[in-house]
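In what follows, a structure is listed as structure tokens, so that the remarks can point back to it.
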Amino acid sequence: MANLPKRIIKETQRLTEEPVPGINAVPHEDNLRYFDVSIHGPSQSPYEGGIFRLELFLPEDYPMCPPKIRFLTKIYHPNIDRLGRICLDVLKSNWSPALQIRTILLSIQALLGAPNPDDPLANDVAQKWKEDEKTAIETARQWTRTHAMS
Amino acid sequence: MSAKVPRNFRLLEELEMGEKGLSADGCSYGLEDSDDVMMSNWNATILGPPHSVYENRIYSLKIYCGSEYPDEPPSVSFISKINLPGVDQRTGRVDLSKLARVAQWSRNFTMEKILVALREHMAHPNCRKLPQPPEGTEF
């Protein structure tokens, strides 16, 4: 990994030196474009108390194209599918090279606090969320206890 | 040096190719369990190539991608019984070193490439007329 772009080196340094509260991102020693990430579920959300593991990869064209990121911890959320893939505009069409790993992780944490069932990735979850939000939130709490608190 | 795509993101790319039906002619593949976050076990099919004894038969296979994939090749086995050099006649396991195109494994190779190589192997003059077990039997 001799030719790691300066931009990535700087972002990594800043993530370590000035970490974002509730978010942790550490590159793999053998692949500095590949990060182990954990995000604490936001308070006042059904994910509160949970620690969610994710993986993040900076493709060759980063920052011209967005990072690739997905949840490894199972999560019940209308914008996250069963394989942990995330539906979030800034990871797709609204990506800009001015965004960073840090801002993306904050957006994902915000998404946990504000599920958007009108732009779903997990259709069954989104439908449940719209039909019976109370039960959906309770299911999300249960999943958090089962999968994100061990 | 170019970025090295980690196993899981590589498998997600392959999954999307398979889901969009972008796989090569006569081959398809997908996750065995759509909840499997590690994406280890896959199902695949090969449509028997034309002008061979395999024509019009659909062959089912299973593929296992271990933790070292794609640095290491996956393990590939036929579920449908087939008489084909390089396929273990007791287990259905495919010996990838017998397939010219993938024998020298590279991390750029995909499950699709293996399936295409197998289908070509079935159509090879040395293989395409071999006597076959009855259709519908399994290993």
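In what follows, chains carry the letters A, B, and so on, assigned in the order in which the sequence lines appear, proteins first and then strands, with residues in each chain numbered from 1. Excluded from the calculations below are hydrogen atoms, water molecules and symmetry mates; all remaining heavy atoms, backbone and side chain alike, are included.
Residue A/K92 places its NZ atom among more than 12 non-hydrogen atoms of other residues, nucleotides or ligands, all under 6.0 Å distant. Atom CD of A/E18 sits in a crowded spot, with more than 12 heavy atoms from other residues, nucleotides or ligands closer than 6.0 Å. Within 6.0 Å of CZ on B/R101 lie no more than 12 heavy atoms contributed by other residues, nucleotides or ligands. Annotation: A/Q44, atom CD; neighbour count of heavy atoms from other residues, nucleotides and ligands within 6.0 Å does not exceed 12.
Grouping the Ile, Leu, Val, Met, Phe, Trp and Tyr side chains by contacts below 4.5 angstrom, directly or via other members, places A/L72 apart from A/I80. Criterion: ILVMFWY side-chain heavy atoms under 4.5 Å apart, direct or through other members. Under it, A/I101 and A/L106 are part of a common hydrophobic cluster. Note on A/L56: it clusters hydrophobically with A/I23, by side-chain heavy-atom contacts below 4.5 Å among ILVMFWY residues. Following chains of ILVMFWY side-chain contacts shorter than 4.5 Å, one cannot reach B/Y64 starting from A/L83, and the two form parts of different hydrophobic clusters. Residues B/V116 and B/M111 do not share a hydrophobic cluster, clusters being chains of Ile/Leu/Val/Met/Phe/Trp/Tyr side chains in contact below 4.5 Å.
Using a 4.5 Å heavy-atom threshold, the side chains of A/K68 and B/E13 count as touching.
Put simply, of B/N8, B/V5, B/L31, the one with the most heavy-atom pairs under 4.5 Å next to chain A is B/N8.
Closest approach of A/P59 and B/A3 over heavy atoms only: C-CB, 4.3 Å.
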Quiz prompt | Verdict with reasoning, A/F57 to B/L12, per side chain to side chain contact (heavy atoms under 4.5 Å, CB included) | solution = CA-CA 12 Å; A/F57 172 62; B/L12 284 173; over 6 Å; no
Quiz item: Would A/R85 and B/E16 count as a side chain to side chain contact (heavy atoms under 4.5 Å, CB included) if you check the C-alpha gap in whole Å, the side-chain angles of each, and the deciding distance to 0.1 Å?
Solution: CA-CA 12 Å; A/R85 293 177 288 190; B/E16 274 156 34; 3.3 Å; yes
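With respect to B/K4 and A/E60, no salt bridge is recorded, no charged nitrogen being found less than 4.0 Å from a carboxylate O.
Within residues 34-62 of chain B, the residues having any heavy atom closer than 4.5 Å to a heavy atom of chain A are B/S34, B/D35, B/D36, B/V37, B/M39, listed by residue number.
In this structure, chain B has no heavy atom under 4.5 Å from any part of A/I8.
Of the inter-residue distances, the one linking B/F9 atom CZ with A/L58 atom CG reads 9.5 Å to the nearest 0.5 angstrom.
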